[in-house]
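These numbers come from a predicted model, not from an experiment. Labels below follow one simple rule: chain letters A, B, ... track the order of the sequence lines, proteins then strands, and each chain is numbered from 1.
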Amino acid sequence: MRSVFYEGEVCAVARALIGCVVRHGGTAGVIVETEAYHEREPACHAYVGRTPRTITLFGPPGYAYVYRSYGVHALLNAVAEPEGVGAAVLIRALEPLEGIELMRARRGRERIEELCSGPGKLTQALGIELAHNGGDLSRGPVTITAAGAPVPEITVSRRIGITRAVELPWRYSLAGSRFVSRRGSSLATAG
DNA sequence: CATGGGATTGACT
DNA sequence: GTCAATCCCATGC
């Protein structure tokens, strides 16, 4: 995918990523849930400005921002908006597509709905780690490629698990998918 | 250098 | 519904 795709407004990128395919280490899945984060709102790591942690967010779009959450999980984001603007799309859930047995082994779970239905789950299933921070998503090892399917119906809701800017409706999910994470508040259908 | 807080998950009540 | 695990890093002294 050409990085120009990621240069647009981060919410548009978050919406457009639904249906795209994430690949790594013999596994792949279709994105069914994303969230947008932007430097102008306090839930975004880039809100504090450029630090060693956030420098990737201010870099060119189309690169991976991977960080450790709660000391336990690695979370995958796609950097968006032009270089110099801190913004990214959190990849929150996938529908497993390839390498499902490998995902089961990595996750220690059998049910296909439990393999990638959360931001920490999908990185474990795909073997994505902090070392992938800063990687080019068009070249790998972690890649995101465009969807072949028509534009999907998307549900919009508020972001999950944050304590600031909780009112922003910046969470996008594939309508009706059974592979989205289930920890959020009720979904409000839109666009 | 010490401290505090998570863009979560899974086990348990 | 409640809660601990666990570590990176931003902040403050």
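Side-chain proximity of A:T51 to the nucleotides C:dC8, C:dA10, B:dA7 is greatest for C:dA10. When each of B:dA7, C:dC8, B:dT9 is scored by its nearest atom to the side-chain atoms of A:L75, the top-ranked nucleotide is B:dA7. With distances taken from any side-chain atom of A:P52 to the nucleotides C:dC8, C:dA5, C:dA10, the minimum falls on C:dA10. The nucleotide whose nearest atom lies closest to any side-chain atom of A:Y70 is, among B:dT9, C:dA10, C:dA5, C:dA5. Checked against C:dA5, B:dA7, C:dC8, the side chain of A:I162 finds its nearest nucleotide in B:dA7. In this structure, the nucleotide among C:dA10, B:dT8, B:dT9 sitting nearest to the side chain of A:R92 is B:dT8.
As rounded to whole Å, 12 Å separates atom C1' of B:dA7 from atom CD1 of A:I91. Atoms CD (A:E114) and P (B:dT9) sit 12 Å apart, rounded to a whole Å. Put simply, CD on A:E113 is 14 Å from P on B:dG10, counting in whole angstrom units. Following rounding to the nearest Å, A:I160 (CD1) and B:dT9 (C1') show an atom-to-atom distance of 13 Å. The distance from atom CG of A:L130 to atom C1' of B:dA7 is 14 Å, rounded to the nearest whole Å. For the pair A:H45 NE2 and C:dA10 C1', the computed distance is 11 Å after rounding to whole Å. One atom, CZ of A:R182, and another, P of B:dT8, lie 17 Å apart when rounded to the nearest Å. Taking atom CZ of A:R53 as the reference point, atom C1' of B:dG4 lies 13 Å away to the nearest angstrom.
Nearer to the 5' terminus of DNA chain B, by closest-nucleotide assignment, is the contact made by A:R164 (compared with the other of A:L122 and A:R164). Projected onto DNA chain B by closest heavy-atom contact, A:T163 and A:S117 fall at different nucleotides, the more 5' of which corresponds to A:T163. Both A:H73 and A:V48 lie near DNA chain C, and the one whose nearest nucleotide falls closer to the 5' end is A:H73.
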Under the 3.5 Å Watson-Crick or G-U criterion, the dot-bracket string of DNA chain C, with | for inter-strand pairs: |||||.||||||.

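Residues A:Y172 and A:V156 have side chains in contact (heavy-atom distance under 4.5 Å, counting atoms from C-beta outward). In this structure, the side chains of A:H73 and A:P119 stay at 4.5 Å or more apart for every pair of heavy atoms. You'll find the side chain of A:K121 stays beyond 4.5 Å of the side chain of A:L94, heavy atoms only. Counting only heavy atoms from C-beta outward, the side chains of A:R182 and A:S117 never approach each other to under 4.5 Å. Residues A:I160 and A:E33 have side chains in contact (heavy-atom distance under 4.5 Å, counting atoms from C-beta outward). Residues A:R159 and A:L168 form a side-chain contact, since some pair of their non-hydrogen atoms from C-beta on lies under 4.5 Å apart. No side-chain heavy atom of A:T155 sits under 4.5 Å from any side-chain heavy atom of A:V180. Using a 4.5 Å heavy-atom cutoff, the side chains of A:L76 and A:V22 are in contact.
Not one side-chain nitrogen or oxygen of A:S69 sits closer than 4.0 Å to the OP1 or OP2 atom of B:dA7. Between A:R109 and the phosphate of B:dA11, there is a side-chain N or O to OP1/OP2 separation shorter than 4.0 Å. Note on A:R107: a side-chain N or O is less than 4.0 Å away from OP1 or OP2 of B:dG10.
Nucleic acid contact for A:L90: base, since at least one base atom lies under 4.0 Å from a heavy atom of the residue.
Checking A:Q124 against A:R107 by side-chain atom types alone, a donor-acceptor pair falls below 3.5 Å.
Applying the 6.0 Å contact sphere to OH of A:Y47 captures no more than 12 heavy atoms from other residues, nucleotides or ligands.
For residues 25-39 of chain A, proximity to DNA chain B is found at A:Y37, defined as any non-hydrogen atom under 4.0 angstrom from a strand atom.
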